[in-house]
Amino acid sequence: MNSSSRRDSDLPQPLALVTGLLLACGLAQAAVSPEAARKVLTAHQDAVVLIEGVLKAEMLVNGTRAGEPRESRIDISGFIVDASGLVAVSTFHLNPMGILGDKPMRMERGGKTFEIETRTRIENLRLRLRDRSEVPARIVIQDRDLGLTLLGPDSRDGASLPKFQAVPLEDAAVPVASTQYLVVDRGAGTFRNEWILESGNLSGVLTKPRTRFLQDLGRSWMFVGAPFFDVEGRLLGLGMMEVRLPENPGAGAWDSAPIPVIAPAADLRELVRRALDPDDSSGDQQKSMPTRQASRDRFPELSPERAEAVLAASGNAVVAIEGSVKYKCGRCAEDHEDEIAEIGTILDPTGLIVMAGDGYSADNRYLEQRLRCVLADGRQVPVQILLHDDDLLLTVLAPAAGPEADPKPDFHALTARPETRAEILDDVIVLGRLGSENRYSLSAAVGHVVARATQPRVFYQLYAAPPALSYFGLPVLTADGALLGITAPDPQGDDVDRTPNPFSQQATPPRIVPADALIEVLDLARKTRTKADQATPPIEL
């Protein structure tokens, strides 16, 4: 949790900060329906697979092993590019340590020169298919210059292999800057066996040292190992990170930061040709590339007027939660004190506020709470923790018991309705608030639902979040202003960092707890609130 200073009560107009962001919505051209985009997902989702395995690495200094070998889990995406089961992946994503190469690096320390060598090997590779079956895999071919690797089934009994559905490589798209793309990927955590469909616009085309298409640099999440398509379903290429090895790796300076790019379909065709027929030296002819123009169609997005109306109606329900709590931990039975700086959403006119939990607080016994919420008008209201739901990773707060404030706070609440639903690529608006240094200004991001899970219950996912105190506790609203849900950590994810890093292989984006689940939590909170013997003492500020 984050520490925070006291906030200034003088708030600017809530819509001022988001005007520039929402102007981009006005750039829409001829619309392509989300239904048509979902057909692309249906056509190609069976080709997207998960690759699992173990990466073992050891370091040698002057030929002597330094420390014990280290193991890390491989858990990445790829997609099938040939009916024989060849799967394309990013080499760097498969083995990040492999970029250092096979030759030792020379380093100088204290007037002495050392040779540092890193050795890696990959074990227990397997492909996880759509039906959750697993196929043992092996590395078929790697091209370090292209940054691409092809994996293949590692089975002696070919008759036992499933039928592989491949993405066609021949009918590829010819992109230009600003071309809109669709990307199909596999999820993580709760969405591990679901498919993600996201859209974006190419930021540009690189030609040196080789052709690469820049992913949408305005997106908060980059895709590695996933296939990218144009809006007609033609392959653009494979998502990857362009990582340039420095001339002197031992000096600790890199030529450039990793860049999210798309390796073109032509590179994949060339690699597949070499894998299937190593003796064929004909090469991939440029004339095989289609010559038609790439589509310039774009998806319809929220108009600025529609977005501003949603913000005006709902922004006051988003509050900042700050302060500290002392408690006896239910896990270790020791006393702790945490600083709190979070986002909450008011979901009841009496002041019930939902924010994200951490998954292990239900058994805590609170010794002292010094919490307050900062309302949209800058007023600060003492609050206390009412209950934790460690399954949904949500916490409910309520105004603290004590003398009535004068004048009584006006809690602008959003209403959770069980009938509110969404489909993949439906437009949504996510609201947040900045910190005290920005006077708790309202922030917003426009995005799409990218995945929908149905087990253990319905959850949604999106890769859009505004700059805010936290990525969690944020209300997600549909295009017509209905509350779709609240963002919370994914308890089945690998990383519940409150500000997830989109470049991390282990980071899991927030999931959206839907309205019907929020209703259940609120009903329980109301019952808890009516009990005479409150478990927490009055708040002292």
Side-chain angles (χ1 to χ4, degrees), residues 1-18 308 310-325 338-356 366 368-387 394-416 429-444 466-470 472-475 477 481 483 486-487 518 522 525-526 529 534 536-541:
M1 295 187 179
N2 303 317
S3 60
S4 175
S5 59
R6 291 189 67 88
R7 313 210 181 209
D8 207 334
S9 62
D10 183 17
L11 295 180
Q13 291 297 320
L15 302 182
L17 194 67
V18 299
E308 287 185 9
V310 171
L311 291 170
S314 304
N316 287 348
V318 186
V319 298
I321 308 296
E322 64 176 11
S324 64
V325 292
D338 286 345
E339 295 291 323
I340 308 294
E342 298 288 340
I343 298 295
T345 302
I346 303 173
L347 295 183
D348 187 277
T350 64
L352 293 183
I353 301 169
V354 174
M355 72 176 195
Y366 289 93
E368 184 181 76
Q369 299 186 47
R370 296 177 178 271
L371 295 174
R372 56 191 173 274
C373 78
V374 183
L375 302 178
D377 61 5
R379 297 186 61 187
Q380 298 184 4
V381 179
V383 292
Q384 63 184 13
I385 294 172
L386 197 57
L387 64 84
L394 295 176
T395 295
V396 181
L397 304 96
E404 287 289 337
D406 187 22
K408 187 176 181 179
D410 185 9
F411 295 106
H412 298 271
L414 299 181
T415 301
I429 300 177
V430 192
L431 304 183
R433 285 204 180 276
L434 303 178
S436 59
E437 65 280 2
N438 289 294
R439 299 184 177 183
Y440 297 107
S441 299
L442 184 69
S443 58
L469 288 173
S470 171
F472 304 135
L474 312 181
L477 308 167
L483 178 65
I486 301 291
T487 61
L518 296 176
L522 289 171
R526 294 185 183 103
R529 194 177 188 184
Q534 292 291 334
T536 52
I539 308 303
E540 299 178 8
L541 290 177

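Only this structure's heavy atoms are used, side chains among them; waters, hydrogens and symmetry mates stay out.
- Residues G351 and P399 approach most closely at O-CD, 3.4 Å, considering heavy atoms.
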Any chance you could lay out the side chain to side chain contact (heavy atoms under 4.5 Å, CB included) test for L474 and L431, step after step, and finish with the verdict? CA-CA 6 Å; L474 312 181; L431 304 183; over 6 Å; no

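- Atom CD1 of I385 sits about 4.5 Å away from atom CD of Q369, to the nearest 0.5 Å.
- Looking at residues two or more places apart in sequence or on another chain, you find a side chain to side chain donor-acceptor pair (under 3.5 Å) between T350 and D348, R529.
- Of all the heavy atoms in P349 and A413, the pair that sits closest is N-CB, 3.7 Å.
- A distance-only check finds a donor-acceptor pair linking the side chain of S441 to the backbone of N438 [under 3.5 Å].
- Listed by chain and number, the residues in a side chain to side chain donor-acceptor pair (under 3.5 Å) with T395 are H388 (sequence neighbours excluded).
- To the nearest 0.5 Å, the span separating CD on E308 from CD1 on I429 amounts to 10.0 Å.
- The line from CG of L522 to CD1 of I353 is 11.5 Å long, rounded to the nearest 0.5 Å.
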Derivation and outcome, side chain to side chain contact (heavy atoms under 4.5 Å, CB included), residues L442 and R433: CA-CA 5 Å; L442 184 69; R433 285 204 180 276; 3.7 Å; yes

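- In terms of the side-chain contact (heavy atoms from CB on, under 4.5 Å) criterion, residue partners of S324 (sequence neighbours excluded) are, by chain and number, E337, E339, R370.
- With rounding to the nearest 0.5 Å, the separation of OG1 in T345 from CD1 in I486 is 3.5 Å.
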Does the side chain to side chain contact (heavy atoms under 4.5 Å, CB included) test come out yes or no for L483 and L477, once each step is laid out? CA-CA 5 Å; L483 178 65; L477 308 167; 4.0 Å; yes

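- Among all heavy-atom pairs drawn from C373 and V319, the shortest one is CB-CG2, 4.3 Å.
- L386 and A525 make their closest contact through CD2-O, 3.3 Å (heavy atoms, listed as atom of the first residue, atom of the second, distance).
- The heavy-atom pair separating I321 from I343 by the smallest distance is CG1-C, 4.5 Å.
- Annotation: side chain of Q380 is in contact with side chain of V374 (closest heavy-atom distance under 4.5 Å).
- L375 contributes atom CG, which lies 5.5 Å from atom CD1 of I346 (distance to the nearest 0.5 angstrom).
- Taking 4.5 Å as the limit, some side-chain heavy atom of V325 sits within range of a side-chain heavy atom of L371.
- Here the closest non-hydrogen pair linking R526 and L352 is CG-CD1, 3.8 Å.
- Taking CD from E342 and CG from L469, the interatomic distance works out to 7.5 Å, rounded to the nearest 0.5 Å.
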